[in-house]
Each structure stands twice: as C-alpha cells, then as structure tokens.
Amino acid sequence: MTSTLNPAGEHPAEIPEYPMARAAGCPFDPPPALHAMQEEGPLAKVRLWDGSTPWIVTRYAEQRALLADPRISVDVTRPGYPSPTPIRGSSPISFILMDDPEHARLRRMVTAPFAIKRVEALRPAVQKITDDLIDTMLAGPKPVDLVEAFALPVPSLVICALLGVPYADHDFFQENSKTIIKRSATPEQRSAALGRLAGYLNDLLDEKLVNPGDDMLSQLTERIKTGELSREGAAQMGVLLLIAGHETTANMIALGTLALLENPGQLALLRDADDPKLVSSAVEELLRYLHITHNGRRRVALEDIEIDGQVIRAGDGLIVANDIGNRDPGAFPDPDRLDIQRDARHHVAFGFGVHQCLGQPLARMELQVVYSTLYRRIPTLRLAGDLDQIPFKHDGSVYGVYELPVTW
C-alpha cells in the first residue's frame, strides 16, 4: 500500500490495492479489508493495476442508488473508467459496456428469450438435463469431479440449445471463455480468444442465414437482414451470451454445493424441502452469500455526485463491490451466516438498474432445478477430500472452484 491524502484531504491514509486477497480458510467470504472499509463508510479509494485510484462503493444502499443513477456511465471507452485489465484499443465493445440509448436498443433484441414465461417453458427440459447427468454420475465410478460431470454441462447444454450452438463444440468455447475471464491473460491473449469465438459464431450465423431454426442466433440473423444489427454486432452478442450463459451458472452450481456441504444443517433443510418457495429462497440466499463476480460493477462519473459528505468528481472511476454489498448488515442482518430461510431476493448479485443481468430469470430457474434435485437424488453426497485441497479460482473475474471431487 502507498501513503496518500485521504479523500477529504485531512490526514495521510493508506490506499489498498484492488482486488484484495481473501482470508485463509474463508473461501466464501469477501476479503477482510472490504469489511473494514464498509465499517468506515460507503466510499473509499483503492489502487488498480495501472496506478489509478477509483472510488470503491462498499455499502448496499449507496450501491443501489449509484447503479440506478444516470450520472454514472458504464462506457469503457470514457476517460477514468476503472478497467480491471489492460484494454486493446481495437477490441470490440459489447452492448453491456454501452450507455442508453444504444445499450437499450441492442439489449431489446435479445430480451424475449429471457422473459419469465419463456424461461419457465424451458424448466422441463432443464429438469431432464439435470436428471440425465445425475443418472450418468450414479452409474459411473466414484469419486467424481462435480464441475466436469455436472456443474459445467448443465448450463452449457441449456445455453447451447437456446442459442443454437452445437454442444459438441463445448470444449472449444469453454477453453476460450476461460482465457477471456482470466485476470492474468494479456490483452493479446484475450483479444485472440475473443476473435476465435467471434469467428466461430460468424460461421454459425452463415448457416442460420441459410437455414434458420428456432433459436437466438436465427433470430439475430433476422435483425441482420433488416439492417438493425451488423454481422459483427450479432457475433459479439453471441459471444457474450455464450460465455455468460455457462460460466456464471456453472460456478454457482459448484460453489453453492460446496457451501451447502460446509453447512449441513442448511443442506438438510433444502434437501428435504417440498415447498418451491423454500427452494427459491435458497437460490436467492446462495446468490447473496457467494456472489461469484468479484471484479465489482465498474463505472465512471459523468457529473459531480455527493455521497455521505464525499464528492465523486466527474471523470472519477467507481467500483461497486457487490460481494461486500451483499454482506452489508444494514441490508442483511447477520450477513456472514448462510440462512436459506431469509428473504434475500433484494441482493445485488445481478446488479441493479438498467444494466442488471439480462439472463437472471434463466439463471434462477436453472439453479432452482439443480438445487432441488441434486441433493434429493444423492442424499449422501459429500466431499471426497478436505476443504483445503479444493482449488479455488482466485485468478479470474468469476469466482468458483476448478474442481470439486465428491462421492456418496
């Protein structure tokens, strides 16, 4: 850490580097330094890899207020934007990193498949995928890596069917998506992985233009034909949905299972539950408790904004640290305790405001199916080793485990 003036300019203070290390033995909890910052106030300064010192927002109420504030921008090209990694100037920009009205125009093109009624219609198919994978695990050898055998295939099969992507190619897109979200990847490596995925989606779009099906890529080709969307824009959307559709949910399945195995009382409640409302409550609480995206929501101020006596100046970067926001005792009493019976649906795991996660209805439904099925069908599921032997993903923007050996 380096010494500087604190935001009010009153006395020297230490600016910590961000992201911060987790405490040993606490794989589910945010770094202790974030807890300390939250106790001090809603805003603090942190230092990034490039020496910049954006604000970090640690309290729940201020996070929600800022994420809904039109005076902050998500545009990664604006000066002051606190990028988590170096950016290549020629890299294509996804619509999730654009402001309205262009963000809203492009987002509307892919919202229909994620509407709640459309997602609920997929529930029987997701149930069958889940049961088939469990059947295969039960028929095979023990122990088994739950990530490879179950957590990754469930959302990958679902998003492939939704997009119209052959699941046979899953090794290719999963390997490239790992490079894209890895913190240590160079801009050149990340750009090359994005290029490979974009090229792959471009080839699929060629096929859909000639032989459209009942899938999202085929729907995007209709936008291309009308001139509403470029080929490059359609491929970018496909890449975004393909990565987001399997990486985040897969990590939630595996990490959520590990958290429940480490909290056997909560696991027993969920395993024996007949009430869909308790299953839904468990999903929301696990999303709050784990919050697997640990880079924070990144923004830049367009105007001066005053919060709690501090002034965020126009051009200042902002990191809305949702993981610690979901552990704010002002919003969630006893926040470091996993309690699947609490009402946690107001969490910020999916963000808030106009840029909140597009696919949250699908993620919720998949997790409800998985969490209500896996532990009921394998009631003696347990770790095949010690917690300290589990390889956690400390090197990426999506948190989880690389492997989860289990037996029964």
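Treat the numbers as computed from the prediction; the structure is a model and nothing was measured. Both backbone and side-chain heavy atoms feed into the values below; hydrogens, waters and symmetry mates do not.
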Checklist entry - Stepwise, does the side-chain contact (heavy atoms from CB on, under 4.5 Å) test hold for Val165 with Leu217? => result CA-CA 8 Å; Val165 171; Leu217 287 182; 4.1 Å; yes
Checklist entry - Any chance CD1 of Ile116 has more than 12 other-residue heavy atoms, nucleotides or ligands included, within less than 6.0 Å? => result no
Checklist entry - Hey, which of Arg337, Arg22, Arg327 is the one that makes salt bridge (Lys or Arg N to Asp or Glu O under 4.0 Å) with Asp29? => result Arg327
Checklist entry - Any donor-acceptor pair under 3.5 Å linking the side chain of Ser280 with the backbone of Pro276? => result no
Item to check | Close aromatic pair by centroid cut-off 6.0 Å: Tyr60 and Phe332 | outcome: yes
Item to check | Flag side-chain contact, heavy atom, 4.5 Å: Ile72 against Leu302 | outcome: no
Item to check | Side-chain (Arg342) to main-chain (Pro333) donor-acceptor, under 3.5 angstrom | outcome: yes
Next on the checklist: Could you tell me if Arg299 sits above the aromatic ring of Tyr81, with its cationic atom closer than 6.0 Å to the ring centre and no more than 45 degrees from the axis?
Outcome noted: no
Checklist entry - Are the side chain of Gln310 and the backbone N or O of Ile307 linked by a donor-acceptor pair below 3.5 Å? => result no
Checklist entry - Does Glu102 come within less than 4.0 Å of Arg105, counting only side-chain N to carboxylate O? => result yes
Checklist outcome for this item: So CG of Asp132 and NZ of Lys128: to nearest 0.5 Å the spacing works out to 3.5 Å
Item to check | Neighbour count above 12 (heavy atom, 6.0 Å) for Asp214 CG | outcome: no
Next on the checklist: Show the nearest heavy-atom pair for residues Tyr289 and Ala259, with the distance to one decimal.
Outcome noted: CE2-CB, 4.4 Å
Next on the checklist: As an exercise, state the distance from CZ of Phe172 to OG of Ser177, rounded to the nearest 0.5 Å.
Outcome noted: 10.5 Å
Next on the checklist: In the structure I gave you, are the side-chain heavy atoms of Val320 and Leu67 within less than 4.5 Å of one another anywhere?
Outcome noted: yes
Item to check | Side-chain (Asp215) to main-chain (Ser218) donor-acceptor, under 3.5 angstrom | outcome: yes
Item to check | Interatomic distance, Glu285 atom CD to Arg345 atom CZ [nearest 0.5 angstrom] | outcome: 14.0 Å
Next on the checklist: Quick one, Leu318 and Val300 - any side-chain contact, counting heavy atoms below 4.5 Å?
Outcome noted: no
Next on the checklist: Please evaluate residues Lys45 and Ile56 with respect to the criterion side-chain contact (heavy atoms from CB on, under 4.5 Å), reporting the C-alpha separation (whole Å), side-chain torsions for both, the decisive distance (0.1 Å), and the verdict.
Outcome noted: CA-CA 6 Å; Lys45 287 278 192 175; Ile56 189 167; over 6 Å; no
Checklist entry - Going through the checks in order, is the salt bridge (charged side-chain N to carboxylate O under 4.0 Å, His left out) test met by Arg288 and Asp343? => result CA-CA 10 Å; Arg288 178 202 72 84; Asp343 179 9; over 6 Å; no
Next on the checklist: Please give me the minimum heavy-atom distance between Val158 and Leu362, naming the atom from each residue.
Outcome noted: CG1-CD1, 4.0 Å
Next on the checklist: Using 30° and 60° as the class boundaries, would you call the ring planes of Tyr371 and Tyr375 parallel, tilted or perpendicular?
Outcome noted: parallel
Checklist entry - Side chains of Glu207 and Asn211: donor-acceptor distance under 3.5 Å anywhere? => result no
Item to check | Pair Phe173 + Tyr200: ring centers closer than 6.0 Å | outcome: no
Next on the checklist: Quick check: do Asp69 and Ile305 have side-chain heavy atoms less than 4.5 Å from each other?
Outcome noted: yes
Next on the checklist: With a 4.0 Å cut-off on N to O distance, would you call Arg377 and Asp135 a salt bridge?
Outcome noted: yes
Next on the checklist: In the structure I gave you, are the side-chain heavy atoms of Val46 and Thr53 within less than 4.5 Å of one another anywhere?
Outcome noted: no
Checklist entry - Side chains of Thr130 and Leu374: does their closest heavy-atom pair fall under 4.5 Å? => result no
Next on the checklist: Between Lys142 (side chain only) and Trp408 (backbone N and O only), is there a donor and an acceptor less than 3.5 Å apart?
Outcome noted: yes
Next on the checklist: Counting C-beta onward and ignoring hydrogens, is there a side-chain heavy-atom pair between Arg297 and Ile319 closer than 4.5 Å?
Outcome noted: no
Checklist entry - Are Tyr399 and His291 close enough that their ring centers fall under 6.0 Å? => result no
Next on the checklist: Checking Asn176 against Thr179: is there a side-chain donor and acceptor pair closer than 3.5 Å?
Outcome noted: no
Checklist outcome for this item: Note: Met365 and Val119 closest approach over all heavy atoms is CE-O, 3.4 Å
Checklist entry - Any luck finding a side-chain donor-acceptor pair between Asp75 and Ser73 under 3.5 Å? => result no
Checklist entry - Counting distance only, does the side-chain N/O of Gln63 pair as donor-acceptor with the main-chain N or O of Ala321 below 3.5 Å? => result yes
Checklist entry - Within a reach of under 6.0 Å around CG of Asp274, are more than 12 heavy atoms found that belong to other residues, nucleotides or ligands? => result no
Checklist outcome for this item: For Ala193 and Ile180, the nearest pair of non-hydrogen atoms, with its separation, is CB-CG1, 3.8 Å
Checklist entry - When rounded to the nearest 0.5 angstrom, what distance separates CD1 in Ile224 from CD in Glu232? => result 11.5 Å
Next on the checklist: Just so I know, are the side chains of Val370 and Thr249 near enough to count as touching, which here means a heavy-atom distance under 4.5 Å?
Outcome noted: no
Next on the checklist: Is there a side-chain contact (heavy atoms from CB on, under 4.5 Å) between Leu383 and Leu404? Walk through the geometry before answering.
Outcome noted: CA-CA 8 Å; Leu383 284 182; Leu404 188 63; 3.6 Å; yes
Next on the checklist: Test your reading of the model: is there a side-chain donor-acceptor pair from Asp316 to the backbone of Pro54, 3.5 Å cut-off?
Outcome noted: no
Item to check | Val401 to Lys393 - nearest heavy-atom pair and separation | outcome: O-CE, 3.5 Å
Item to check | Side-chain (Gln266) to main-chain (Ile340) donor-acceptor, under 3.5 angstrom | outcome: yes
Checklist outcome for this item: d(Asp171 CG, Ser156 OG) to nearest 0.5 Å is 9.5 Å
Checklist entry - His347 vs Phe350 aromatic rings, parallel, tilted or perpendicular, using cut-offs 30° and 60°? => result tilted
Checklist entry - Is there a donor-acceptor pair under 3.5 Å between the side chain of Thr58 and the backbone N or O of Gly41? => result yes
Checklist outcome for this item: In short, Met20 meets Pro31 closest at the heavy-atom pair O-CG, 3.4 Å
Checklist entry - Between the main-chain N or O of Ser83 and the side-chain N or O of Trp49, is there a donor-acceptor pair closer than 3.5 Å? => result yes
Next on the checklist: Counting neighbours of CD on Glu148 that are heavy atoms of other residues, nucleotides or ligands and sit closer than 6.0 Å, is the number greater than 12?
Outcome noted: no
Checklist outcome for this item: Interatomic distance, CZ@Arg196 vs CD@Glu175, rounded to 0.5 Å, equals 9.0 Å
Item to check | Gln341-Ser281 side chain donor-acceptor pair, cut-off 3.5 Å | outcome: no
Item to check | Salt-bridge present (Arg123, Glu120; N to O < 4.0 Å) | outcome: yes
Item to check | Thr248 vs Ile181, side-chain contact (heavy atoms from CB on, under 4.5 Å): CA-CA, chis, key distance, verdict | outcome: CA-CA 11 Å; Thr248 51; Ile181 65 174; over 6 Å; no
